[in-house]
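Since the structure comes first, as structure tokens, the remarks are kept for the end.
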Amino acid sequence: IVRDTGNTNIKFFGNNWLIQNNEVSNPAIEDGIHFSGGGHVVSRNYIHDINAPAPSHTDAIQVSCGHHSIVEYNLIENSRSSVIMQDCLDATQLDRNDGMIYRYNLIYLTQDFSQYTNASIRMQMYHSVGMKIYNNVFAFNGTSPVQAIRVQDKSPSHPSTAEVYNNIF
């Protein structure tokens with residue numbers, strides 16, 4: 001169990017990490033899990049109550065210039081900002097977001113989640129070529145509008161391409 005760390009609960013860089021079977025909650029000011037690099041597997045984690053107050057941008061999973069990695073079989077419940085945010089802020093490294101796979105995740109918001117009104121985009125992806133998002137379940141128990149998946153380009157020199165299929169909303 002990783003919780004109440006005062007920063008990001010699990011943060012890793014490099015290549016070929018396995019982050020599996022963890023319970024992650026309440027990081028205080030940053031993300032539940034944050035990574036960059038490639039060849040990682042983030043699997044079978046219970047990530048919940050990621051609800052640091054604004055203006056912090058707390059995501060359940062933040063991918064920064066992560067590439068050719070798999071995020072799968074995670075139960076993600078109640079994240080104030082994006083559940084999964086993928087971006088690469090260094091314009092010279094945009095190809096470092098390519099080949100990501102997001103599959104078999106259950107993304108859930110409960111009606112009593114105190115920060116629910118801020119939880120409008122569940123998967124927010126930028127700068128990714130060859131990304132796949134499939135067989136995920138998005139469940140929302142509330143009245144606020146929700147955008148489940150957003151794939152967007154910030155740079156015309158590196159347009160995103162994605163396959164999005166077999167998800168349940």
Side-chain angles (χ1 to χ4, degrees), residues 2 8-25 27 30-50 57-109 119-140 146-169:
V2 182
T8 298
N9 283 349
I10 298 175
K11 192 171 196 172
F12 57 100
F13 306 95
N15 295 299
N16 303 313
W17 285 79
L18 173 63
I19 305 300
Q20 183 172 310
N21 297 324
N22 297 287
E23 180 178 340
V24 175
S25 67
E30 283 295 332
D31 308 307
I33 297 174
H34 184 141
F35 71 88
S36 67
H40 307 305
V41 176
V42 177
S43 182
R44 300 184 190 282
N45 298 289
Y46 175 39
I47 305 164
H48 62 97
D49 300 312
I50 308 299
H57 180 84
T58 52
D59 303 312
I61 300 174
Q62 168 74 52
V63 181
S64 298
C65 298
H67 59 95
H68 300 96
S69 295
I70 299 171
V71 176
E72 65 180 4
Y73 297 108
N74 296 290
L75 172 57
I76 305 171
E77 181 180 71
N78 295 339
S79 180
R80 185 183 68 78
S81 292
S82 300
V83 169
I84 300 174
M85 171 77 168
Q86 177 181 316
D87 202 352
C88 192
L89 299 178
D90 183 344
T92 66
Q93 300 280 322
L94 294 182
D95 63 334
R96 303 295 289 179
N97 257 355
D98 295 347
M100 292 294 299
I101 296 174
Y102 300 94
R103 63 186 182 196
Y104 309 113
N105 297 290
L106 173 57
I107 297 168
Y108 184 76
L109 287 174
S120 61
I121 302 171
R122 305 299 64 216
M123 295 179 93
Q124 186 161 317
M125 318 311 224
Y126 298 102
H127 311 302
S128 186
V129 173
M131 176 173 50
K132 294 182 180 182
I133 302 171
Y134 61 92
N135 295 340
N136 298 286
V137 175
F138 298 83
F140 308 105
V146 171
Q147 185 177 37
I149 299 172
R150 176 167 55 181
V151 178
Q152 182 176 343
D153 296 328
K154 287 185 178 177
S155 169
S157 66
H158 195 81
S160 294
T161 60
E163 295 178 29
V164 180
Y165 56 93
N166 292 341
N167 297 287
I168 299 173
F169 304 94

> So do Asn74 and Val42 actually touch side chain to side chain, heavy atoms under 4.5 Å?
Replying inline: yes

> Just by distance, do the side chain of Asn78 and the backbone of His48 share a donor-acceptor pair under 3.5 Å?
Replying inline: no

>> I need the minimum non-hydrogen distance between Ser36 and Ser64, along with the two atoms involved.
In response: CB-O, 2.6 Å

>> Within the 4.5 Å heavy-atom criterion, are Val24 and Ile10 side-chain neighbours or not?
In response: yes

> Does the side chain of Tyr104 reach to within under 4.5 Å of the side chain of Tyr134, using non-hydrogen atoms?
Replying inline: yes

> Roughly how far apart are Thr58 OG1 and Asp49 CG, rounded to 0.5 Å?
Replying inline: 11.0 Å

> Roughly how far, to the nearest 0.5 Å, is CD of Glu72 from CG of Asn45?
Replying inline: 10.5 Å

>> If we ignore hydrogens and angles and just use 3.5 Å, is the side chain of Asp59 paired with the main-chain N or O of Met85 as donor and acceptor?
In response: no

> Just by modelled atom types, is the Tyr126 backbone N or O under 3.5 Å from a matching donor or acceptor in the Ser128 side chain?
Replying inline: no

> Any side-chain heavy atom of Asn135 within less than 4.5 Å of one from Asn167?
Replying inline: no

> Quick one: does Thr161's side chain have a donor or acceptor within less than 3.5 Å of a partner on Gly130's backbone?
Replying inline: yes

> Do His40 and Phe12 have ring centres separated by under 6.0 Å?
Replying inline: yes

> Of all heavy-atom pairs between Asp98 and Val129, which one has the smallest distance, and what is that distance?
Replying inline: OD1-N, 3.0 Å

>> Nearest 0.5 Å, please: how far is CG in Asn9 from CD in Glu23?
In response: 10.5 Å

> CD1 of Ile61 to NE2 of His34: how many Å apart, nearest 0.5 Å?
Replying inline: 11.5 Å

> Can any side-chain N or O of Asn15 pair as donor or acceptor with the backbone N or O of Gly39 at less than 3.5 Å?
Replying inline: no

> Distance from Tyr165 atom OH to Ile133 atom CD1, nearest 0.5 Å?
Replying inline: 10.5 Å

> Which atom pair, heavy atoms only, marks the closest approach of Asn105 to Tyr73?
Replying inline: OD1-N, 3.5 Å

> Are Met123 and Val83 side-chain neighbours, meaning at least one heavy-atom pair lies under 4.5 Å?
Replying inline: no

> Without hydrogens or angle criteria, can the side chains of Arg44 and Gln20 be said to hold a donor-acceptor pair below 3.5 Å?
Replying inline: no

> Given Ile149 and Phe169, is the side chain to side chain contact (heavy atoms under 4.5 Å, CB included) satisfied, shown in steps?
Replying inline: CA-CA 10 Å; Ile149 299 172; Phe169 304 94; 4.1 Å; yes

>> Please report the interatomic distance CD(Gln86) to CE(Met125), rounded to the nearest 0.5 Å.
In response: 5.0 Å

>> Could you check whether any side-chain N or O of Asn136 sits under 3.5 Å from a backbone N or O of Tyr102, counting only pairs where one atom can act as donor and the other as acceptor?
In response: yes

> Does some side-chain heavy atom of Ile33 sit less than 4.5 Å from a side-chain heavy atom of Ile47?
Replying inline: yes

>> Using a 3.5 Å distance criterion without hydrogens, assess whether the side chain of Ser79 forms a donor-acceptor pair with backbone atoms of Ala60.
In response: yes

